Amino acid sequence: MLDAMTTNADERQTRPRRRAPAGAAVLREDVTEAIRAAVFGELAAVGYARMSIEGIARRAGVGKTAVYRRWRSKLHLVLDVVSALAVQGLPAPDTGSLEMDLRLLYEVTSRALRHPVASQIIPDLQAEAARNPDIAEAMQKALRDGQESVASSILAAAEQRGEIRPALDRDLTLDLISGPLYWRAVVIRTPKLPKGYLDALARATAEAIKAL
C-alpha cells in the first residue's frame, strides 16, 4: 500500500510499498453497533451471568472473532457498552422554569427507565455490581454522570434566573432530583406511575431545591 501521506512524486517512486500490519484491518462501525445492540438483547434475555460471547455473536449475526477483535472479554464488552450510556446523555430542557425543566427531565428519564429492555438490564447489572467493582463503577458512571450533566444545566439556568440561591450542595441537589424516580422505577419497580405523579414530583422537588 502506498504511503498516503507522501505528496512528492519522486518520493513515491523511491519509497517501498508498505503493508498494513496483521490484524490492522479497519473495524466496520456497523458491525460494532450490531454487537453493542446484541449485548443489550442478551442482557435482557439471559442476564449477565449466563451471557456469553457466543450468544452475543450469534445475535449480532457475526463470528466470535469479530467480537474478540473489539473486546477481549465479556466483562470488557459490557463495561464499554454500559459506560457509553453516560456520554450519550439526556437533552437539557430549557423552559424558563425550574419546575417545568424538572418535569421534562422526569418524563424522558421515566420513559428510558421503564423501557422493557432497560427495566430488565439495570436490576441485573446492579446485582452483578455488588460482586464486581468494575461493573459497579461503570454503572455509577452510566446512571449518575449522564443525569448529573443535565441536572447541572437545569440548576445553572435556575440560578441565573434567580429561582435558587448560588452555590447549592450539588450532590444533595442531584439526590433530590434523581432519587425518587429511580426508587420508583428501578428499586421497587412500580408497574405504572400514579396519575399526576411526575407533575407532583417536579413541583415538590423544585420547592425543596428552592428551600435549600
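Here the structure is a predicted model, which is why all the values come from computation and not from measurement. Starting from 1, each residue takes its place in the sequence as its number.
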Leu43/Tyr48 under side-chain contact (heavy atoms from CB on, under 4.5 Å): CA gap, chis, key distance, verdict: CA-CA 6 Å; Leu43 282 172; Tyr48 177 81; 4.0 Å; yes

Cation-pi check, Lys192 onto Tyr197 ring (under 6.0 Å, within 45° of axis): no

Counterpart residues, salt bridge (Lys or Arg N to Asp or Glu O under 4.0 Å), relative to Arg131 (two or more places apart): Glu128

side-chain hydrogen bond (donor to acceptor under 3.5 Å, both in side chains) involving Ser153 - partner list, sequence neighbours excluded: none

Check: Trp183 and Ile188 side chains under 4.5 Å, non-hydrogen atoms: yes

Arg36 side, atom CZ; Leu77 side, atom CG - distance, nearest 0.5 Å: 8.5 Å

Within-4.5 Å side-chain heavy-atom neighbours: Asp80 and Val39: no

Show me the donor-acceptor pairs, under 3.5 Å and distance only, between side chains in residues 203-212 and residues at least two apart or in other chains.
residue : atom : partner : partner atom : Å
Thr205  : OG1  : Tyr106  : OH           : 3.2
Thr205  : OG1  : Leu201  : O            : 2.7

Heavy-atom side-chain proximity of Pro93 to Met100 below 4.5 angstrom: no

Contacts of type salt bridge (Lys or Arg N to Asp or Glu O under 4.0 Å), residue Asp175, not counting sequence neighbours: Arg144

Contacts under 3.5 angstrom, residues 156-163 side chains, donor-acceptor by atom type, not counting sequence neighbours:
residue : atom : partner : partner atom : Å
Arg161  : NE   : Gly96   : O            : 3.2
Arg161  : NE   : Glu163  : OE2          : 2.7
Arg161  : NH2  : Glu163  : OE2          : 2.7
Glu163  : OE1  : Leu98   : N            : 3.3
Glu163  : OE2  : Leu98   : N            : 3.1

Test side-chain contact (heavy atoms from CB on, under 4.5 Å) applied to Ser52 - qualifying residues, sequence neighbours left out: Glu54

Shared hydrophobic cluster, Val150 / Leu174 (ILVMFWY, side-chain heavy atoms < 4.5 Å): no

Residues forming a side-chain hydrogen bond (donor to acceptor under 3.5 Å, both in side chains) with Ser110, sequence neighbours excluded: none

Arg59: partners by side-chain contact (heavy atoms from CB on, under 4.5 Å), with sequence neighbours left out: Ala38, Glu42, Ala45

side-chain hydrogen bond (donor to acceptor under 3.5 Å, both in side chains) against Thr95, all qualifying residues, sequence neighbours excluded: Asp101

Lys64 side-chain N/O to Ile53 backbone N/O, donor-acceptor pair under 3.5 Å: no

All side-chain hydrogen bond (donor to acceptor under 3.5 Å, both in side chains) counterparts of Asp169, not counting sequence neighbours: none

N-O pairing of Arg103 and Glu107 below 4.0 Å: yes

Main-chain N/O of Ala66 paired with Arg70 side-chain donor or acceptor, under 3.5 Å: yes

For Asn132, all residues meeting side-chain contact (heavy atoms from CB on, under 4.5 Å), sequence neighbours excluded: Leu75, Asp134, Ile135

Leu181 with Leu172, same ILVMFWY side-chain cluster at under 4.5 Å: yes

Closest contact, heavy atoms only, Ala49 versus Lys74: O-NZ, 3.5 Å

Minimum-distance pair of heavy atoms, taken over all atoms of Arg50 and Val46: CB-O, 3.6 Å

Other residues, nucleotides, ligands: >12 heavy atoms within 6.0 Å of Arg111 CZ: no

All salt bridge (Lys or Arg N to Asp or Glu O under 4.0 Å) counterparts of Arg28, not counting sequence neighbours: Asp30

Euclidean distance, Leu105 CG relative to Ile154 CD1, rounded to 0.5 Å: 4.5 Å

Verify same cluster id: Leu198, Leu104 (apolar side-chain graph, 4.5 Å): no

